[in-house]
Amino acid sequence: QVQLVESGGGWVQAGGSLRLSCAASGRGFSSYVMGWFRQILGKEREFVAAINWSGGSTYYTGSVKGRFTMSRDNAKNLVYLQMNSLKPEDTAVYYCAASNGRRAVGAFNARDKYDYWGQGTQVTVSS
């Protein structure tokens with residue numbers, strides 16, 4: 001089992017940048033596929049990005065491709081989401097998730113593919 005804690009959220013003006021972090025505790029972190037999701041109040045939680053166990057392969061939803069970069073540091077049990085050129089529509093609570101799955105990273109673009117979730121961190125982008 002793994003516990004996940006997100007940090008790094010906050011308020012930023014449109015065009016700005018934020019870096020989210022997700023700290024994992026528990027065994028086996030380096031074997032998990034990791035993902036980022038986001039949720040606006042009253043809407044479904046949506047996929048943002050995923051990264052494979054080694055960090056060598058990533059997958060992004062179309063609306064963030066070219067602006068967001070996901071990475072991981074297995075030695076430190078950390079996952080990051082670097083968010084650049086932020087837009088007001090990026091405003092949401094961002095969640096980190098971990099999966100025991102063993103498929104290509106592009107398959108991990110849905111909530112039901114993940115086994116563990118963090119509590120979320122708020123990101124607000126003002127226009």
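Residue numbers run from 1 in the order of the sequence given.
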Is there a side-chain contact (heavy atoms from CB on, under 4.5 Å) between Y59 and N109 once you walk through the steps? CA-CA 8 Å; Y59 183 73; N109 61 349; 4.0 Å; yes
Identify the two heavy atoms, one from [X] and one from [Y], that lie closest to each other, and give their separation to 0.1 Å.
{"X": "P88", "Y": "A14", "result": "CD-CB, 4.1 Å"}
{"X": "W117", "Y": "R111", "result": "CZ2-O, 3.7 Å"}
{"X": "Y116", "Y": "L4", "result": "O-CD1, 3.6 Å"}
{"X": "R38", "Y": "A92", "result": "CB-CB, 3.8 Å"}
{"X": "Y114", "Y": "F108", "result": "OH-O, 2.7 Å"}
{"X": "R72", "Y": "S54", "result": "CD-C, 4.3 Å"}

Look up atom [atom1] in [X] and atom [atom2] in [Y], then write down how far apart they are to the nearest 0.5 Å.
{"X": "W36", "Y": "M83", "atom1": "CH2", "atom2": "CE", "value": "8.0 Å"}
{"X": "Q82", "Y": "F68", "atom1": "CD", "atom2": "CZ", "value": "9.5 Å"}
{"X": "D73", "Y": "F29", "atom1": "CG", "atom2": "CZ", "value": "8.0 Å"}
{"X": "L78", "Y": "S21", "atom1": "CG", "atom2": "OG", "value": "6.0 Å"}
{"X": "L86", "Y": "T91", "atom1": "CG", "atom2": "OG1", "value": "8.5 Å"}
{"X": "Q39", "Y": "Q122", "atom1": "CD", "atom2": "CD", "value": "11.0 Å"}

Within the 4.5 Å heavy-atom criterion, are T61 and E46 side-chain neighbours or not? no
Using side-chain contact (heavy atoms from CB on, under 4.5 Å), reason through M34 and S71 one step at a time and then give a plain yes or no. CA-CA 9 Å; M34 300 298 295; S71 60; over 6 Å; no
Hydrogens and angles aside, do Q13 and S126 bring a side-chain donor and acceptor to less than 3.5 Å of each other? no
Would you confirm whether N77, through its side chain, and A23, through its main-chain N or O, come within 3.5 Å as a donor-acceptor pair? no
Ignoring hydrogens and angles, tell me if any N or O in the side chain of N52 forms a donor-acceptor pair with the backbone of S57 under 3.5 Å. yes
Can you confirm whether R27 is buried at CZ, in the sense that more than 12 heavy atoms of other residues, nucleotides or ligands lie under 6.0 Å from that atom? no
What do you reckon, is CD of Q119 surrounded by more than 12 foreign heavy atoms closer than 6.0 Å? no
Partner set under ring-ring contact (aromatic ring centres under 6.0 Å, His included) for Y94, not counting sequence neighbours: none
ILVMFWY network linking [X] to [Y], side-chain heavy atoms under 4.5 angstrom:
{"X": "W53", "Y": "Y32", "value": "no"}
{"X": "I51", "Y": "F37", "value": "no"}
{"X": "V125", "Y": "Y60", "value": "yes"}
{"X": "V48", "Y": "V105", "value": "no"}
{"X": "L20", "Y": "M70", "value": "yes"}

Run the side-chain contact (heavy atoms from CB on, under 4.5 Å) test on T121 and V93 for me, step by step, so that the C-alpha distance in whole Å, both residues' side-chain angles and the decisive distance to 0.1 Å come before the verdict. CA-CA 5 Å; T121 185; V93 177; 6.0 Å; no
For R67, all residues meeting salt bridge (charged side-chain N to carboxylate O under 4.0 Å, His left out), sequence neighbours excluded: D90
For Y80, does the six-membered ring have the charged nitrogen or CZ of R19 within the cation-pi criterion, i.e. under 6.0 angstrom from the centroid and within 45° of the normal? yes
